[in-house]
Structures are given as C-alpha cells and as structure tokens.
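One structure is given here, and the rest of the page talks about it.
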Amino acid sequence: MQTEPYEIFAIRYAHLGNRHPAENFILADPHEFASDLDYFVWIVRRSDRLFLIDTGFGKEAADRRKREWLRCPIESLRLLDVAPADVSSVILTHMHYDHAGNLDLLPRARFHLQDREIAFATGRCMCHQTLRAPFDLENTLSMVRYIYAERAVFHEDHAELAPGFTLHHIGGHSAGLQVARVWTKRGWVVLASDASHFYANFEQRRPFPIVYNVSEMLEGFDTLHRLADSPQHIIPGHDPLVMKLYPAPSPALEGIVVRLDVPPAQ
Ligand SMILES: [Zn+2]
Ligand SMILES: [Zn+2]
C-alpha cells in the first residue's frame with residue numbers, strides 16, 4: 001500500500017485493581033486470574049493527519065467511581081508534543097464515561113461517533129440502571145450540545161476518515177461501539193477499545209459482562225480478527241499487558257506511553 005503509515009501511541013491515564021473474575025468474563029470461574037484494568041486514550045498520527053481516539057475521564061469521575069487517576073489524559077497529549085487546542089478530529093469509540101469525558105478540554109475538536117451510540121445514550125435503554133451505569137449524564141449532555149454546535153460527525157457502520165484510517169461499527173458492549181483500523185509500517189492494526197477489554201476476551205472469545213448485545217460482542221471478536229493483519233495487530237482497550245508488550249517512545253515516557261505501530265515483544 002502506497003499510503004504513508006501512521007504512528008500509534010497509547011497514553012495510560014488511570015488504573016483499577018482488585019478485580020473479581022466475574023467482572024472480566026461472563027460465566028467466569030471464581031478461582032481464575034482477574035486482570036486489573038488500565039485506562040487509555042490513543043493518538044494516531046502521520047505527517048499530515050492527527051486523530052485522538054477517546055477522551056478519558058477527569059478527576060471528579062475518578063473520585064466518584066473510585067478509580068486511580070494517574071494524569072489528565074488530555075493534558076498528557078503534550079507529552080507527545082500535541083497541544084489540546086490543536087486537536088481537530090476526535091473519535092469517540094462509544095459514550096461510556098471512561099471514553100467520552102473531558103470534551104470541554106478540546107476547544108477545536110469535532111467528535112466522530114456512530115448514529116447508534118447517541119441514540120443508545122439518549123434513548124429508552126437509559127431507563128435501565130444496568131445499561132445506564134457506565135454513562136455519565138454530563139458527558140451525554142455535552143455531546144448533545146456539540147451536536148447543536150455542529151461539532152459532531154456521525155457515521156453509520158464503516159467510514160474512511162483518511163487513506164489508511166477507517167472506523168467500523170461493532171456494537172455489542174455498547175450499541176454504537178466502533179473500532180479504528182490503522183495502516184502502520186507493520187500492517188493493519190486495530191484499536192479495539194471496548195470491543196475487547198483484554199487479550200483474553202478476543203483470544204478466547206469470552207464476553208465481557210458489561211454488554212448490550214452478547215451476540216454482537218461475539219461477532220465483534222471475529223470482526224477484529226478479520227480487520228487486523230494478525231492477532232498481534234489487535235490492541236485491547238483496557239489490558240495492562242499492552243504496557244508490558246509495547247515499548248515506550250522514549251525513556252522519559254516509560255510507564256506512561258507506549259508505541260503500537262511497532263511489533264509487540266515476545
Ligand atoms: Zn465501555
Ligand atoms: Zn472502557
């Protein structure tokens with residue numbers, strides 16, 4: 001492919017430990033290993049383009065939900081020489097609190113999301129506490145304001161935002177969940193976000209228990225395999241292993257940022 005490859009960076013901004021296996025897998029064995037959760041935002045860039053994928057959550061949400069907040073994900077963009085005010089294209093994989101906060105910190109951004117996600121986040125499903133729990137009302141209200149301010153870009157199913165950078169609807173975990181497929185120097189990498197929280201979800205095809213449609217989630221694992229050049233090209237959304245398998249772009253960013261456009265260790 002002639003297209004200039006993209007660099008991909010994951011910025012780790014929060015953490016949650018002491019997980020029970022049933023919080024990570026439907027029908028988990030209570031004795032099995034229960035991975036912690038890391039929280040990320042992702043930067044995808046090349047000489048002429050820059051995309052921010054997801055916007056994380058702020059300190060208030062971290063305190064309220066008892067997550068360990070390590071740093072502001074938007075301020076952390078500066079670690080990669082990205083000024084938040086310069087970010088114009090933001091992809092929201094879905095509207096859960098840990099992916100769609102901090103929108104007000106991106107004054108020039110337009111937000112790309114699936115039609116089905118805003119319908120889900122503002123419709124009848126939000127009458128149910130189980131489905132509503134991962135959403136923060138303030139984020140949804142902000143997003144609706146940005147729609148009225150013409151700062152939303154809606155997609156249905158898949159969309160090519162630039163050569164070598166496409167979005168694909170998966171659903172499952174959230175009705176309008178989308179993933180990004182990115183052309184890199186090692187081939188097609190898929191940023192799965194919550195289509196697979198952990199490697200184990202897509203490798204073993206075991207659904208995560210926060211789910212809107214189990215069938216779509218299971219089909220989504222197949223979609224990830226189809227979109228990526230190999231299982232090593234799929235990046236799960238919350239797995240602490242990502243920080244172990246991929247290198248930091250510089251010694252100063254060790255433990256904070258890893259590069260995903262290079263092959264993983266092992
Ligand atoms: Zn989610
Ligand atoms: Zn998430």
Side-chain angles (χ1 to χ4, degrees), residues 10-17 19-20 22-26 34-42 52-58 61-62 64-71 73-74 76 90-103 111-114 116-123 125-126 128-140 143 167-180 190-202 206-214 216-218 220-221 223-224 234-243 260:
I11 303 174
R12 175 178 178 258
Y13 72 91
H15 183 77
L16 181 65
R19 305 275 295 171
H20 186 278
E23 294 176 301
N24 291 351
F25 305 108
I26 290 178
S35 174
D36 291 356
L37 282 177
D38 272 345
Y39 296 84
F40 301 98
V41 298
W42 300 270
L52 171 63
I53 301 184
D54 289 340
T55 53
F57 55 80
R64 177 163 38 85
R65 292 178 183 262
K66 299 186 170 48
R67 268 59 172 165
E68 184 187 353
W69 198 68
L70 305 169
R71 55 192 63 85
I74 305 304
S76 300
V90 174
I91 287 78
L92 298 177
T93 61
H94 60 308
M95 291 287 301
H96 283 171
Y97 83 97
D98 53 323
H99 298 261
N102 299 314
L103 301 185
F111 302 101
H112 292 254
L113 72 170
Q114 292 280 321
R116 273 172 277 196
E117 189 62 4
I118 199 70
F120 182 53
T122 57
C125 287
M126 294 302 105
H128 302 292
Q129 159 64 16
T130 304
L131 295 173
R132 191 173 66 233
F135 290 86
D136 272 1
L137 174 60
E138 290 308 316
N139 295 344
T140 305
M143 192 61 235
L167 303 177
H168 304 262
H169 174 258
I170 293 234
H173 167 73
S174 189
L177 175 73
Q178 59 185 348
V179 302
V190 174
L191 295 170
S193 182
D194 289 3
S196 193
H197 284 63
F198 303 106
Y199 282 100
N201 295 115
F202 76 79
R206 299 177 68 194
F208 189 82
I210 296 177
V211 59
Y212 163 72
N213 182 316
V214 177
E216 280 183 4
M217 185 180 275
L218 291 166
F221 297 147
T223 303
L224 297 178
I234 300 171
I235 312 295
H238 287 277
D239 200 323
L241 281 173
V242 169
M243 294 301 295
L260 304 175

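For ligands, and for the atoms within them, numbers begin at 1 and follow the listed sequence.
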Quiz item: Should N139 and L103 count as side-chain neighbours, where that means a heavy-atom distance under 4.5 Å?
Solution: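 No - every pair of side-chain heavy atoms lies 4.5 Å or more apart.
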Self-check item: Closest approach to the Zn ion (ligand 2) by D98, given as the N, O or S atom name
Solution: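 Atom name of the closest N, O or S in D98: OD2.
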Exercise. Quick one: the NE2 of H94, the Zn ion (ligand 1), OD2 of D194 angle, rounded to 10°, please.
Key: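 About 90° at the Zn ion (ligand 1).
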Exercise. Measure from the Zn ion (ligand 1) to every N/O/S atom of H173 and report the name of the nearest one.
Key: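 Of the nitrogen, oxygen and sulfur atoms in H173, the Zn ion (ligand 1) lies nearest to NE2.
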Quiz item: Of all N/O/S atoms in H96, which lies nearest to the Zn ion (ligand 1)?
Solution: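 Output for this pair reads ND1.
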Quiz item: N/O/S atom of H197 under 2.8 Å from the Zn ion (ligand 2), yes or no?
Solution: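 Short answer: no, not a single N, O or S atom is under the cut-off.
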Quiz item: F135 and H96: aromatic ring centres closer than 6.0 Å?
Solution: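 Under 6.0 Å, so yes.
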Quiz item: Is a side-chain donor or acceptor of H238 paired with a backbone partner of D38 at a separation under 3.5 angstrom?
Solution: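 A pair under 3.5 Å: yes.
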Self-check item: Exam field: side chain H94 to backbone A175, donor-acceptor pair closer than 3.5 Å
Solution: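 Judged by distance alone, no pair lies under 3.5 Å.
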Quiz item: In Å and rounded to the nearest 0.5 Å, what is the CG to CZ distance from D36 to R19?
Solution: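 Atom-to-atom, D36:CG and R19:CZ are 8.5 Å apart.
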